[in-house]
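Structure first, commentary second.
The residues of the chain are indexed from 1 along the displayed sequence. These numbers were taken from a predicted model, which means no experiment stands behind them.
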Amino acid sequence: MNASLSFLQELGIQAHNAGTWIGGTSFDHSERITSSSPVDGGVIASVSISTPEQYDRAVAAAHEAFLEWRTVPAPKRGEIVRQYGNLLRQHKEALGALVSYEMGKSLAEGQGEVQEMIDICDYAVGLSRQLAGLTLKSERPDHFMMEQWHPIGVVGVISAFNFPVAVWAWNACLAWVCGDSVVWKASEKVPLCAVACQILWNRVAAQNNVPAGLSSIVTGGVEIGVRLSEDNRIPVVSATGSTRMGREVGQKVAARFGRSILELGGNNAIIVTPTADLKMTVTAAVFGAVGTAGQRCTSTRRLIIHESIFDKVIEAIKSAYAQLRIGSPLLAENHVGPLIDEAAVAMYLSALDAVDAAGGTFHLRGGKLEGAEYASGCYVKPSIAEVQNDWSIVQHETFAPLLYVMKYRELDEAVAFQNNVPQGLSSAIMTGSMQEANRFLSACGSDCGIANVNIGTSGAEIGGAFGGEKETGGGRESGSDSWKAYMRRQTNTLNYGNALPLAQGIVFNI
Ligand code: NAD
């Protein structure tokens with residue numbers, strides 16, 4: 001472990017870390033994942049893989065914790081989450097640095113991710129006093145109806161590499177205030193971030209004497225994720241990652257009548273209309289396409305540009321790309337950091353070849369960067385390619401800084417391009433026209449879970465429900481009424497009269 005990385009010490013990360021944690025109790029094992037940084041290729045530390053027995057123990061403890069936690073008043077549950085938010089505030093810089101170093105996003109984005117955790121803690125605290133049900137009018141005399149929301153049980157969280165800490169917090173903080181316990185399987189590409197979050201949680205848990213299994217982590221690859229998907233003890237599985245993964249998890253969870261919250265791949269587009277503000281468009285498109293090196297689920301993959309302004313927009317974007325500095329994301333002057341690993345670089349290069357083979361025209365052809373600064377082998381130069389929307393390569397999500405551009409004539413045609421992909425996460429229109437903006441947001445407009453006007457596709461605030469349609473999975477997390485996915489609904493009918501009238505006027509004389 002690199003001793004100069006002081007944030008690791010602050011977060012309690014050792015050279016060798018246990019990968020199974022039931023609250024503050026950890027379980028080690030000889031089989032390990034070594035986490036190395038895409039920033040400089042340096043080995044950071046190792047984390048043990050959870051054995052089947054360790055996994056079983058974690059889920060059993062989570063169920064036991066749930067039985068106790070569900071009886072704690074919701075605002076008291078919120079109080080614990082409030083304390084976790086405050087602890088995150090104290091360690092924001094250190095945890096943000098670990099996110100940047102282990103995943104490769106910029107320091108500002110790493111800190112931003114921790115800020116998102118803090119924000120969801122605050123949101124969950126407020127929510128803990130607002131888990132409200134309905135009252136309903138009964139058709140029967142002297143009867144009263146209502147809906148209650150009860151805690152549901154153990155929530156399993158499977159998360160992707162690109163948001164190593166925020167996605168877990170979105171799920172965990174809501175689940176906790178809802179009265180559930182949480183078992184987290186983080187991405188095997190960023191296991192240290194999960195260990196750090198758990199260690200910080202343990203400090204709050206110890207001070208408040210909460211049941212141990214309220215927060216557990218299990219570590220490993222696909223096999224642990226499969227175990228979680230098939231586990232009858234876990235009524236809700238929230239899975240964030242590729243559509244391929246979501247298809248497998250969704251089917252396994254459905255087969256046992258569990259509930260899944262699926263947050264999967266996107267293929268997000270910005271429509272650029274003739275009245276679009278050029279400066280805003282360039283900022284939205286460039287940040288959307290190259291921010292986090294194109295490794296956000298909401299990254300801008302496609303620009304659908306009106307033919308009358310196509311050349312002007314492409315020139316402006318190309319000149320912005322020319323100013324991009326690619327290098328260590330730990331240096332504030334760099335705009336673009338590395339991809340997560342060399343396999344991601346190979347995937348990017350093969351996508352460029354596929355664009356070539358399909359007959360695409362590169363306005364800018366990137367590739368792998370070589371040299372001392374790029375010694376980890378994970379740095380690439382971004383690309384812009386003119387393509388047709390229905391090409392197979394364009395229909396797929398390429399998780400890298402590859403921006404497709406295409407022309408349109410009529411708005412309806414642009415909206416059809418935007419919608420004619422299998423994914424349905426994020427979308428945007430840049431326009432000065434109120435009619436165009438509202439048409440895009442109407443039932444005949446964007447078919448995505450997120451549709452924006454005059455901002456890009458990338459990034460979202462925690463107050464809104466986050467998620468997408470079609471192959472993005474249909475799940476919603478974070479704000480609005482997303483909390484309902486972490487609870488079970490119960491309809492109650494109370495008779496305060498002395499007779500027993502039946503519903504639908506049925507008479508049953510005995
Ligand atoms: P991935 O699908 O390879 O892995 C995600 C997680 O799923 C990992 O923890 C992995 O171990 C686990 N997993 C993989 N196969 C599994 C299986 N068959 N059963 C159970 N678990 C399994 O994804 P990734 O490369 O880590 O992340 C990138 C993808 O995630 C992109 O497609 C991106 O769009 C998507 N993503 C979506 C959102 C969203 O909110 N919609 C957010 C972040 C990332």
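- Within the cation-pi definition used here (under 6.0 Å to the ring centroid, within 45° of the axis), Lys105 qualifies as a partner of Phe163.
- Note on Lys185 versus Glu223: no salt bridge recorded, every NZ/NE/NH1/NH2 to OD/OE distance being 4.0 Å or above.
- In this model, a donor atom of one side chain and an acceptor atom of the other lie less than 3.5 Å apart for Asp119 and Gln115.
- No donor-acceptor distance shorter than 3.5 angstrom exists from the side chain of Thr292 to the backbone of Gln295, with no hydrogens or angles considered.
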Under the side chain to side chain donor-acceptor pair (under 3.5 Å) rule, what do Tyr348 and Ser383 come out as? Steps first, then yes or no, please.
CA-CA 10 Å; Tyr348 173 59; Ser383 300; 2.7 Å; yes

Side chain to side chain donor-acceptor pair (under 3.5 Å), that's the test. Do Ser427 and Ser446 meet it? Break it down for me.
CA-CA 7 Å; Ser427 59; Ser446 164; 2.7 Å; yes

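- A pairwise comparison of heavy atoms in Thr281 and Ala276 identifies OG1-CB, 3.6 Å as the closest pair.
- Annotation: salt bridge (charged side-chain N to carboxylate O under 4.0 Å, His left out) contacts of Glu109 (sequence neighbours excluded): Arg296.
- Applying the side-chain hydrogen bond (donor to acceptor under 3.5 Å, both in side chains) rule to Glu471 yields the partners Arg247; only residues at least two apart in sequence or on another chain are considered.
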For residues 330-340, which side-chain donor-acceptor pairs fall under 3.5 Å, sequence neighbours excluded?
unit_1	atom_1	unit_2	atom_2	d
Asn334	ND2	Ser328	O	3.0
His335	ND1	Arg325	N	3.0

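- Tyr55 and Asp231 form a side-chain donor-acceptor contact under 3.5 Å, judged by distance and modelled atom types alone.
- Phe399 and Phe161 have perpendicular rings, their planes meeting at more than 60° on a 0 to 90° scale where under 30° would count as parallel.
- Sparse packing is recorded around NZ of Lys381, with 12 or fewer heavy atoms of other residues, nucleotides or ligands lying under 6.0 Å away.
- Separation of the Trp201 and Trp176 ring centroids falls under the 6.0 Å cut-off.
- Gln395 CD: more than 12 foreign heavy atoms inside a 6.0 Å radius.
- Inspection of the His16 and Ser46 side chains reveals an N or O donor paired with an N or O acceptor under 3.5 Å.
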Worked check of side chain to side chain contact (heavy atoms under 4.5 Å, CB included) between Val183 and Val154
CA-CA 7 Å; Val183 177; Val154 181; 3.9 Å; yes

